[in-house]
J.: 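Below are the structure tokens for one structure; questions will follow.
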Amino acid sequence: MNDPVTPALELRAITRHYRQGETELEIFRSLDLTVYPGEMTALVGQSGAGKSSLLHIAGLLERPTAGEVFVAGQNCTALDDAGRTEVRRIAIGFVYQFHHLLPEFSAEENVMMPQLIAGVSRAAARERANTLLDKLGLAPRASHRPAELSGGEQQRVAIARALANRPLLLLADEPTGNLDPETSAHVHQQFLQLIADEGLAALMATHNLQLARQMHRLVRLEQGRLVEGER
């Protein structure tokens, strides 16, 4: 069971600059954010505010210009690429706006794949995959390939895949942003329920304030700063 005291994610004084020709662009400056196990946090802000960059830093896909990133209490700031990859593999799940499923494999096989890479037996990986797909209402579609699934079904498979290795932290970047409003609301509800069932910490970037307000907490990225919103 996750330690409720140790944050799943802690960002300390995160600063990110980009150089564009002779100009240095500041994306954000000295940001602090803590997300605990079982806490679902919505990250909102205008397009171009830096939400995706902040998620990439939190997920150890991108290094900040300054500041520290802790995952499950471990300072990951100075880890080399292999160390960062290992933390991502065992502790972090990602869901993107586009599902990025492997087209030649079934839904079940797509959810099994990260587990097999992590060394889980085929039987155990299949059992976990089918448990997750069933919770997302996809048991009858487990043998279908992505091209045979609707957009909402594809995204639910991507959610199941992100949770396959039982991460401590789930990062989601507009996970329902590519779906129509009705499908988006349906997938979002299943998404939140599954996160709650798994006891994860979740940080989700979204433009949809209606969906964001269904989460435990809302933070807004404005002019390079994080502003605490609703709880």
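As a basis for the values below, the full set of heavy atoms in this structure was taken, side chains included, without hydrogen atoms, waters or symmetry mates.
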J.: Would you please classify the geometry between the Tyr96 ring and the Phe94 ring as parallel, tilted or perpendicular, with 30° and 60° separating the classes?
T.: parallel

J.: Identify whether the distance between the nearest side-chain nitrogen and carboxylate oxygen of Arg220 and Glu228 falls below 4.0 Å.
T.: no

J.: Would you kindly confirm whether Leu55 and Leu61 end up in one hydrophobic cluster when ILVMFWY residues are joined by side chain heavy atoms under 4.5 Å apart?
T.: yes

J.: Taking the basic N atoms (NZ, or NE/NH1/NH2) and the acidic carboxylate oxygens, is any pair closer than 4.0 Å for Glu148 and Arg145?
T.: no

J.: Look at atom CD of Gln189 and say whether more than 12 heavy atoms of other residues, nucleotides or ligands are closer to it than 6.0 Å.
T.: yes

J.: Search all heavy atoms of Gly93 against all heavy atoms of Pro167 and return the closest pair with its distance.
T.: N-CB, 3.5 Å

J.: Mind checking the CD-OG spacing from Glu109 to Ser143? Nearest 0.5 Å is all I need.
T.: 9.5 Å

J.: Write down the atom of Gly38, the atom of His216, and the distance for their closest heavy-atom approach.
T.: O-CE1, 3.0 Å

J.: Do Leu171 and Ile92 come within less than 4.5 Å of each other through their side chains, counting heavy atoms only?
T.: yes

J.: As an exercise, state the distance from CG of Leu138 to CD of Glu108, rounded to the nearest 0.5 Å.
T.: 12.0 Å

J.: Donor-acceptor pair, distance only, cut-off 3.5 Å: does the side chain of Lys51 make one with the backbone of Gly45?
T.: yes

J.: When you compare the side chains of Tyr36 and Thr6, does any donor N or O come within less than 3.5 Å of an acceptor on the partner?
T.: no

J.: Do you know the tightest heavy-atom contact between Ala8 and Pro37?
T.: N-CD, 3.8 Å

J.: Show the nearest heavy-atom pair for residues Ala162 and Leu170, with the distance to one decimal.
T.: CB-CD1, 3.8 Å

J.: Check whether any side-chain heavy atom of Leu218 sits under 4.5 Å from a side-chain heavy atom of Val44, and report yes or no.
T.: yes

J.: Within a reach of under 6.0 Å around CD of Gln223, are more than 12 heavy atoms found that belong to other residues, nucleotides or ligands?
T.: no

J.: What about Phe70 and Leu33, same hydrophobic cluster or not, with Ile/Leu/Val/Met/Phe/Trp/Tyr joined at side-chain heavy-atom distances under 4.5 Å?
T.: no

J.: Linking I/L/V/M/F/W/Y whenever their side-chain heavy atoms sit closer than 4.5 Å, directly or via other members, would Met112 and Leu133 fall into one cluster?
T.: no

J.: In Å and rounded to the nearest 0.5 Å, what is the NE2 to OG1 distance from His17 to Thr65?
T.: 5.5 Å

J.: Could you work out the complete set of other residues in the hydrophobic cluster of Phe105, with links drawn between I, L, V, M, F, W and Y side chains under 4.5 Å apart?
T.: Leu102, Met113, Ile117

J.: For Thr77 and Asn75: C-alpha separation, side-chain torsions, deciding distance, then whether side chain to side chain donor-acceptor pair (under 3.5 Å) applies.
T.: CA-CA 6 Å; Thr77 312; Asn75 191 339; 2.7 Å; yes

J.: Is Leu101 close to Gln154 at the side-chain level, that is, under 4.5 Å between some pair of heavy atoms?
T.: yes

J.: Would you call Leu43 and Thr206 a side-chain contact if the rule is heavy atoms closer than 4.5 Å?
T.: no

J.: Flag the pair Arg225 and Glu222 as a salt bridge only when some basic side-chain nitrogen lies within less than 4.0 angstrom of an acidic carboxylate oxygen.
T.: no

J.: Taking only Lys NZ, Arg NE, NH1 and NH2, and the carboxylate oxygens of Asp or Glu, determine whether Asp81 and Arg63 approach each other closer than 4.0 Å.
T.: yes

J.: Would you call Arg166 and Glu198 a salt bridge, using N to O less than 4.0 angstrom?
T.: no

J.: If we count only N and O atoms by modelled type, under 3.5 Å, do the side chains of Arg88 and Thr85 hold a donor and an acceptor together?
T.: yes

J.: Counting distance only, does the side-chain N/O of Arg16 pair as donor-acceptor with the main-chain N or O of Ala66 below 3.5 Å?
T.: no

J.: Using 0.5 Å steps for rounding, measure from the CG atom of Leu203 to the CG atom of Leu54.
T.: 6.5 Å

J.: For side chain to side chain contact (heavy atoms under 4.5 Å, CB included), just list the numbers for Leu11 and Val35, CA-CA rounded to whole Å, side-chain angles, deciding distance to a tenth of an Å, and then say yes or no.
T.: CA-CA 9 Å; Leu11 305 179; Val35 185; over 6 Å; no

J.: Flag yes if Met204 and Leu192 sit in one hydrophobic cluster, no otherwise; membership is Ile, Leu, Val, Met, Phe, Trp, Tyr, and two members link when side-chain heavy atoms are under 4.5 Å apart.
T.: yes

J.: Checking Glu174 now: which residues fulfil salt bridge (Lys or Arg N to Asp or Glu O under 4.0 Å) with it, not counting sequence neighbours?
T.: none

J.: Is there a donor-acceptor pair closer than 3.5 Å between any side-chain N or O of His56 and the backbone N or O of Glu62?
T.: no

J.: So which heavy atom on Ala107 is nearest to which on Arg141, and how close?
T.: CB-O, 3.8 Å

J.: Less than 4.0 angstrom from a charged side-chain N to a carboxylate O is my criterion; do Glu86 and Arg84 meet it?
T.: no

J.: Is any side-chain heavy atom of Gln155 closer than 4.5 Å to a side-chain heavy atom of Val95?
T.: yes

J.: Check Leu136 against Arg156 and note the closest heavy-atom contact, atom names and distance.
T.: O-NH1, 2.8 Å

J.: State whether the side chain of Asp32 and the backbone N or O of Ala13 hold a donor-acceptor pair below 3.5 Å, judged by distance alone.
T.: yes

J.: Given side chain to side chain contact (heavy atoms under 4.5 Å, CB included), test Leu149 with Val157 step by step and report yes or no.
T.: CA-CA 10 Å; Leu149 302 173; Val157 175; 3.9 Å; yes

J.: Can you tell me if Asn165 and Gln115 form a side-chain donor-acceptor pair at under 3.5 Å?
T.: no

J.: Do the non-hydrogen side-chain atoms of Val87 and Leu79 ever get within less than 4.5 Å of each other?
T.: yes

J.: Is the backbone N or O of Ser150 less than 3.5 Å from a side-chain atom of Glu153, with the two atoms forming a donor-acceptor pair by type?
T.: yes

J.: SG/Cys76 to CG/Leu9 distance, rounded to the nearest 0.5 angstrom?
T.: 9.5 Å

J.: Can Tyr18 and Ser53 be said to form a side chain to side chain donor-acceptor pair (under 3.5 Å), step by step?
T.: CA-CA 11 Å; Tyr18 290 101; Ser53 290; 3.2 Å; yes

J.: Are Leu211 and Leu194 connected in a single hydrophobic cluster, I mean Ile/Leu/Val/Met/Phe/Trp/Tyr linked by side-chain heavy atoms less than 4.5 Å apart?
T.: no

J.: Would the distance check show the side chain of Thr15 and the main-chain N or O of Ser30 forming a donor-acceptor pair, the cut-off being under 3.5 Å?
T.: yes

J.: Is there side-chain contact between Ile57 and Ile14, with heavy atoms separated by less than 4.5 Å?
T.: yes

J.: Look only at the side chain of Asn110 and the backbone of Ser106, and say whether a donor-acceptor pair between them is shorter than 3.5 Å.
T.: yes

